[in-house]
Amino acid sequence: KKSTKKNAKEFDFIVVSNRLPVDRVRNADGKDDWRRSPGGLVTALGPVMAKSDGAWVGWHGAPGEKLDAFGHENMKLIPVELSAEEVELYYEGFANATLWPLYHDVIAPPEFHRTWWEAYRTVNKRFADAVAHSAAQGAIVWVQDYQLQLVPKYLREARPDLQIGFFNHIPFPPLEIYAQLPWRRALLEGLLGADLLGFQRPNDASNFLRCVRRYVNATVKQNQITIGERTVRAGAFPISIDTAQISALAATPEVQERAKQIRRDLGNPKTVLLGVDRLDYTKGIRHRLKAFSELLEEGRLNVGDVTLIQVASPSRERVESYRMLREEVEGTVGRINGTFDTIQHTAVRYLHHSYPLAEMVALYLAADVMLVTALRDGMNLVAKEYVATRANNDGALVLSEFTGAADQLRQALLINPHDIDGLKDSMMAAVEISASESARRMRLMRRQILDHDVERWSQEFLSSLRSKT
Ligand code: F6P
C-alpha cells in the first residue's frame, strides 16, 4: 500500500460515510490487515469511488486508533478516529440502538439517551471538520447515511462554498414514528444543511418532507424546501449495484466451478435455497426459518431434496438486540437441524461469516431460490446481486414487499414476511417454478438492473446536485 497523503484542501469530490470501505483487523499472525466492510453502502459506493479521483472520509473500524490518509485499491481514504467510548455511545448507541430501530418501523424498541445524542453531535462535528479540512474550494461533498445526519449543517457552517449532497441508505420513517425522537427538530435541521437530499423510495422522501413541514420553520412546495434564502431539494434515487462487475464474476470458469462444488459438497440436493444477510433483526431471518421448518414438518419439502444455506454475516455484535437475535437464530437453526438432519444431509447450512465477493457470487450461482424476507429494508442489494448472476435467466427470487428493491424488481415472487402461510406458498412456488416462468421473470428483472446500475445512480444524484433544479 503506498501512502497518498495529500496536502490539505485538495479534493474536488469527497464522499463521507461512517465507515470506510475497509476495516482495520488484526490477523492470526498478529499483523494488521484490511478487510472489506459489511453492508450495502460499501457494495454500492466501492465501485463508484474506485472510478473517481475523489477521497473517502470515514471511520476505519478500530476504536482509539489514529491513522494517516492512505491509498487502497485505487481509492484515497481519509480515516476519522473514534474513541472506544464514542464507538459505544455514538455508533452502537445513537446510530444503532436509537436511529436504526426508529427508522425501521420500531421492529425493536428504540432507546433514547441524552449521553448518546451528545456523542452523536460530537462525532458528527468531527466528521464535518475532517471534510472541511480536505475539500477544495467549491468542492462537491456527498454525505452518506443515518449515522451522519448532522454533518450537512456543520459542514455548511464551516464551508459555505461547498456543494453538499446527502443520501439516506435506510428508510425514512413516517411522521407518526419519527415524532418519538426527542431531538427530531435538530436532526432535520442537520439534514437541511445539504443542497440535495436523496432517499431510496418516493415514500421515504415524502415521509421526510412531512416531518419538515411539521417540525421546521420552512416552506415546503412539492420536493422543494425554502428556509430563509436557501432552497433544499429532496427526492428518490434508488441505489443499485455494479451489475457488470457481478455478471463478469459470475461468468468466470473459477466461480462457476466453485458453484458446482458447493452443490456437490451439500450432497447434490435438487434444490438449494439461499439467504444472505447481515445478522440483523430487520432482515426477517426468523420468519424465513419458521416458514422453512414448517414446510419440512408438513413434508412439503424434504431434507436431501432441499437445503437452505443461510449466510448471516456478523454485525453490531455488542448491541444487545443483535446479541439476542443471534441466540435466537442459532437456537432455531440447531432445533431445525436436530429434528430434520440425516447423517448425510443437513436442513440448514448456517454460516456466521462474511465472504469475499467471488465466494458470494458462487453461492448465488449455486442457489435455485433466493430468499429475501426483510421486515423493512431501505433497498436490499442482495436481491439485485442475485439477479445479476443469473445469465441463463434461471432461478427464482422470493422478495419482501417491505424492501426498496421490491419497487424495481416487480417480477420477483413478492411476499409479506409476516404472513407465514403466504411466505410458505411462495417458497413452494419458487421451488416448483417452471423454466419458462422463471425465464420470463428473470429476463425482465435483469433488464431493470442492467439499465439501472450504481454508476447511473451516482450520476443521476450528482448531476441533480450540480444542476440545482
Ligand atoms: O446500508 C446500511 C448500513 O447501515 C450502512 O450505513 C452500514 O455501513 C452498513 O449498513 C453495515 O453496518 P455497520 O457499518 O454498522 O456494520
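In each ligand, atom 1 is the first atom listed, and ligand 1 is the first ligand listed.
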Exercise for review: Classify the ring geometry between Phe167 and Phe461 as parallel (under 30°), tilted (30 to 60°) or perpendicular (over 60°).
Suggested key: perpendicular
Check your understanding: Relative to the ring of Phe94, is the ring of Tyr120 parallel (under 30°), tilted (30 to 60°) or perpendicular (over 60°)?
Key -> tilted
Review point. In terms of side-chain geometry, is the basic nitrogen of Glu81 or Arg126 positioned less than 4.0 Å from the acidic oxygen of its partner?
Key: no
Check your understanding: When you look at Thr373 and Arg288, which way does the side chain to side chain donor-acceptor pair (under 3.5 Å) test go after all the steps?
Key -> CA-CA 7 Å; Thr373 57; Arg288 189 181 314 165; 2.9 Å; yes
Ligand-protein N/O pairs under 3.5 Å (ligand 1):
{"unit_1": "ligand 1", "atom_1": "4 (O)", "unit_2": "Tyr146", "atom_2": "OH", "d": "3.3"}
{"unit_1": "ligand 1", "atom_1": "4 (O)", "unit_2": "Arg316", "atom_2": "NH2", "d": "3.0"}
{"unit_1": "ligand 1", "atom_1": "6 (O)", "unit_2": "Asp145", "atom_2": "OD2", "d": "2.4"}
{"unit_1": "ligand 1", "atom_1": "6 (O)", "unit_2": "Gln147", "atom_2": "NE2", "d": "3.2"}
{"unit_1": "ligand 1", "atom_1": "12 (O)", "unit_2": "Arg316", "atom_2": "NH2", "d": "2.9"}
{"unit_1": "ligand 1", "atom_1": "14 (O)", "unit_2": "Arg19", "atom_2": "NE", "d": "2.6"}
{"unit_1": "ligand 1", "atom_1": "15 (O)", "unit_2": "Tyr91", "atom_2": "OH", "d": "2.5"}
{"unit_1": "ligand 1", "atom_1": "15 (O)", "unit_2": "Arg316", "atom_2": "NE", "d": "2.8"}
{"unit_1": "ligand 1", "atom_1": "15 (O)", "unit_2": "Arg316", "atom_2": "NH2", "d": "3.2"}
{"unit_1": "ligand 1", "atom_1": "16 (O)", "unit_2": "Arg19", "atom_2": "NE", "d": "3.3"}
{"unit_1": "ligand 1", "atom_1": "16 (O)", "unit_2": "Arg19", "atom_2": "NH2", "d": "3.1"}
{"unit_1": "ligand 1", "atom_1": "16 (O)", "unit_2": "Tyr91", "atom_2": "OH", "d": "3.4"}

Exercise for review: Pick out which of Trp100, Phe166, Tyr91, Tyr103 makes a ring pair (Phe, Tyr, Trp, His ring centres under 6.0 Å) with Tyr146.
Suggested key: Trp100
Point to revise | Sole candidate of Tyr178, Tyr215, Trp117 that passes ring pair (Phe, Tyr, Trp, His ring centres under 6.0 Å) when paired with Trp183 | key: Trp117
